[in-house]
Structure formats: structure tokens, C-alpha cells
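So the structure is just underneath, and the comments pick up after that.
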Amino acid sequence: MARTVRVGCPICKKPVKSTDAEFPFCSPRCRTIDLGKWASGDYVISSPVKDTEEGIRGPSRGDSEDES
Ligand SMILES: [Zn+2]
């Protein structure tokens with residue numbers, strides 16, 4: 001039984017078959033758009049991690065910059 005799973009393209013929501021060459025995207029174009037989103041930081045995992053990093057880095061950085 002060859003069952004075809006259908007999902008929506010993450011970019012344009014167009015139905016895509018799991019047998020599609022560009023699955024889960026409907027076209028190479030949508031795949032490229034998705035890659036661009038990752039590259040530009042559109043998909044940020046979480047901000048709390050960044051806050052912790054800044055808390056550690058902040059003080060030491062400020063000290064070295066105040067040496068004038
Ligand atoms: Zn698409």
C-alpha cells in the first residue's frame with residue numbers, strides 16, 4: 001500500500017506530496033526561501049540563552065572599555 005503523505009509547504013502552505021523532489025517544500029524556490037530564513041536569523045530558538053550570555057560577558061567587557 002503506497003500511501004502518499006501530504007503536508008503543506010512551510011513557506012507558501014501549498015499542499016506537497018511526500019514523493020515530491022523538494023518535499024517538504026513545493027518548489028526549489030520555497031526551499032531557498034526557508035534557507036534564507038535560517039541564515040538571517042528569522043528562526044531564533046530562544047532568547048533566555050542569549051540573556052545569560054550577555055549577563056556573563058557584560059561586566060568584564062564594560063571594565064576593559066572604561067580604561068580611558
Ligand atoms: Zn511553497
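The analysis underlying the following values was restricted to heavy atoms, covering all of them including side chains, and did not include hydrogens, waters or symmetry mates. Computed from a prediction, not measured in an experiment: that's the story for all the values here. Atoms within each ligand, like the ligands themselves, are counted from 1 in listed order.
Annotation: salt bridge (Lys or Arg N to Asp or Glu O under 4.0 Å) contacts involving residues 4-14, sequence neighbours excluded, are absent. Each salt bridge (Lys or Arg N to Asp or Glu O under 4.0 Å) pair with one or both residues in residues 17-32, not counting sequence neighbours, appears once here: Glu22-Arg31.
Nearest heavy atom pair, residue Pro10 against residue Pro24, reads CD-O, 3.2 Å.
Excluding waters, the count of protein N/O/S atoms less than 2.8 Å from the Zn ion (ligand 1) comes to 4.
Annotation for Val5: hydrophobic cluster partners, listed by chain and number, are Val7, Val16, Phe23 (ILVMFWY side-chain heavy atoms under 4.5 Å, direct or chained).
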